[in-house]
Amino acid sequence: MRWRELIQNKAFEAQFKECLFLRKHQGDYGAEHLIFAGLGSRSSEHEAWRQVGAAIYRTLVGNKIYKALFNLDHFKNLQADFFRGFIEGFGLADYRFDELKSKRRQDPEFELLITGKLLPDLQKMLHEAQIVFSAVNVARRLGDLPSNHLTPSKLALESQRLFKNTQAKVVVWDLARIKKERLGGLIAVSKGSAEEPRLIQIEYYGTKSNQPPLVLVGKGLTFDSGGISIKPSAGMEEMKFDMCGAAAVIGAVYAIVSAKLKINIIGIIGATENMPSGSATKPGDVYTARNGKTVEVNNTDAEGRLVLGECLVLASERKPQMILDVATLTGAIVVALGNTHTGYFTQSNELKTKIEKAAEASGEWVWHMPLCDYHTEDMKGTYADLNNISANKGAGSATAAAFLEQFVTENIRWAHFDIAGTAWAVGNRLNYCSAKGASGVMVRTFYELAKSVVD
Ligand code: BES
Ligand code: ZN
Ligand code: ZN
């Protein structure tokens, strides 16, 4: 049957993400096989093009087709961001994590050939899409690596390897230096582990060195057992993903460096394990942070905020134009927003507007969450300045954000992104993500934010 008849017969209705693959269709377009894909009523959303790109990729690979041709001449006035979405969807769907299988996949690498008239703005978008999906896939791989393959020191090595032949510089502090720099929160969390912590800083100067940098801070818990306040065993293996904030920072900086954006950017990552042992921090212990504040650790499982606190002090010292931190910080954000939206906190309306715009451009979903003085009040300590858990029930993500705020120097624009719900296992929502694995969330939005700073 000719394809026109199939459409007439409603065998293909062009519903959103619907695909019709016609094998050995020797006919129009001079192609051996044809694939039709629907955008439904969403043809003017770049996110829909991203998902359709992934749907086509999956249908083709499902049919053992590893080479496809996309002829631009068949698309009249193709909007550049639609094209970018489409290419990103393809590249994101093409991610697979099989480096730890004894038999790696034998399928050939997928080849997508772009033919027809590649106008300059489409050419630019093609390049940008490749940068973005590669950076997201870098973040995903780091997320997917298990904790014995990605210890804090290995995360530092991976960062050094990734930026080796680039304009970026990677500086790594070991335990001795971390102690010398008085990063009390990072030391407190790492004490129970046989693995040494690392403080990783990635610096890229894309413009005059006196321009204030954008600082990205990431939670790099390569494994979070909870420590002495140990987590239940069911699902604990997922806590290898507790470094997805760090992965997002590495991915975003990688995209910014690859695109040679004219901004200065610093990524700061606190990397450690959180383990129980005879040398571990115990509930009730008090430590002193780099900014002089003292903290009572009443629950050793609320460790991300201790590590991030020190990174935020370091970030503040860089006299930044803004700080964005990203972390798998609280189970409470999963209760609030599930796995669809990343919750973010900021008290700067200007930054909120920038974030909303960047997320619109990236296609990632974010949701502004409340942060107020009541939350700050909840984090006051009894024996020290601060308590690491709230005095009240509820709003666990907001009280965590209020704790973090104590480490950001006043008047610095700052936003905190809690990705505990969106960092992995989002494949049931987004077809360009894997079912169980890391999503690489926030790489795309941070890249867009960095672009908006250049503009
Ligand atoms: N890494 C967890 C948060 C988390 C939980 C991420 C579930 C993804 C899925 C974090 O370190 C943690 O354990 N937070 C505690 C804080 C509590 C003790 C105040 C939590 O959310 O339960
Ligand atoms: Zn924890
Ligand atoms: Zn954690």
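Predicted, not measured: the structure shown is a model, and the values here were computed from it. Both ligands and their constituent atoms are indexed starting at 1 by order of listing. Numbers here are sequence positions counted from 1. What's counted below: heavy atoms across the whole structure, side chains too, no hydrogens, waters or symmetry copies.
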### Query
Side chain, backbone, both or neither: which part of E238 has a heavy atom under 4.0 Å from ligand 1?
neither
### Task
If you have a sec, work out which protein heavy atom is nearest atom 19 (C) of ligand 1 and how many Å separate them, to one decimal?
I389 CG2, 3.7 Å
### Task
Identify the protein heavy atom lying closest to atom 12 (C) of ligand 1, giving its residue, its atom name and the separation to 0.1 Å.
D301 O, 3.2 Å
### Message
Over 60° means perpendicular and under 30° means parallel, so tell me whether Y66 and F110 are parallel, tilted or perpendicular.
### Response
perpendicular
### Task
For atom 2 (C) of ligand 1, grab the closest protein heavy atom and report residue, atom and distance to one decimal in Å.
D224 OD2, 3.6 Å
### Query
Taking C-beta and beyond as the side chain, do I202 and F163 meet within less than 4.5 Å on heavy atoms?
yes
### Query
What atoms of ligand 1 come closer than 4.0 angstrom to any heavy atom of N299?
18 (C)
### Task
Could you establish whether K231 and ligand 1 come within less than 4.0 Å of each other, counting only heavy atoms on the residue side?
yes
### Task
Kindly say whether L371 contributes a backbone atom to a donor-acceptor pair with the side chain of Q347 at under 3.5 angstrom?
yes
### Query
To the nearest 10°, what's the angle at the Zn ion (ligand 2) between atoms OE1 (E303) and OD1 (D301)?
120°
### Query
Mind checking whether T328 and F241 have side chains closer than 4.5 Å, heavy atoms only?
no
## Note on the structure
A student checking ligand 1 against A420 at a 4.0 Å heavy-atom cut-off should list atoms 6 (C), 8 (C)
### Query
Looking only at heavy atoms, what is the nearest atom pair of R198 and L175, with distance?
NH1-N, 4.1 Å
### Summary
Looking only at protein heavy atoms, what sits closest to atom 17 (C) of ligand 1 is A302 CB, 4.3 Å
### Task
For a side-chain contact (heavy atoms from CB on, under 4.5 Å) with I269, tell me which candidate from V217, I250, V253, V172 qualifies.
I250
### Query
So which protein heavy atom does atom 10 (C) of ligand 1 come closest to, and at what separation?
L329 O, 3.3 Å
### Query
When you measure from the side chain of N137 to the backbone N and O of G91, does any donor-acceptor pair fall under 3.5 Å?
yes
### Query
Tell me: protein heavy atom nearest atom 20 (C) of ligand 1, and distance?
G331 N, 3.9 Å
### Message
Between T222 and T151 (side chain of the first, backbone of the second, donor and acceptor by atom type, cut-off under 3.5 Å), is there such a pair?
### Response
no
### Task
Please report the C-alpha distance between Q211 and I263 in whole Å, then the side-chain angles of each, then the deciding distance to 0.1 Å, and finally whether the side-chain contact (heavy atoms from CB on, under 4.5 Å) criterion is met.
CA-CA 8 Å; Q211 284 286 94; I263 59 157; over 6 Å; no
### Task
Just jot down the ligand 1 atoms closer than 4.0 angstrom to any heavy atom of D242, in number order.
1 (N)
### Query
Any heavy atom of V334 sitting closer than 4.0 Å to ligand 1?
no
### Query
Name the one of Y95, W49, Y57 that satisfies ring-ring contact (aromatic ring centres under 6.0 Å, His included) with F90?
Y57
### Summary
Among N, O or S atoms, D242 approaches the Zn ion (ligand 3) most closely through OD2
### Query
Which heavy atom of the protein is the closest neighbour of atom 16 (C) of ligand 1, given with residue, atom name and distance?
R305 NH2, 3.8 Å
### Close-contact set for ligand 1 against E303 heavy atoms, below 4.0 Å
11 (O)
### Query
Of the protein's non-hydrogen atoms, which lies at the shortest distance from atom 7 (C) of ligand 1, and what is that distance?
M239 CE, 3.9 Å
### N/O/S atom name from D224 that is nearest to the position of the Zn ion (ligand 2)
OD2
### Query
What closest approach, in Å, do T422 and S439 show between heavy atoms, and which atom pair accounts for it?
O-OG, 2.7 Å
### Task
Under 4.0 Å, heavy atoms only, figure out whether ligand 1 is touched by the backbone of K219, its side chain, both or neither.
side chain
#### Entry: Flag, side chain of E273 to backbone of S193, donor-acceptor distance under 3.5 Å
no
#### Entry: L329 near the Zn ion (ligand 3): N/O/S under 2.8 Å
no
### Message
Please report whether the ring centroid of H416 lies less than 6.0 Å from that of Y344.
### Response
no
### Task
Consider ligand 1: state whether an atom of it lies below 4.0 angstrom from any non-hydrogen atom of W424.
yes
### Query
If you count the atoms of ligand 1 from 1 in the order shown, which ones are under 4.0 Å from a heavy atom of T328?
1 (N), 2 (C), 3 (C), 6 (C)
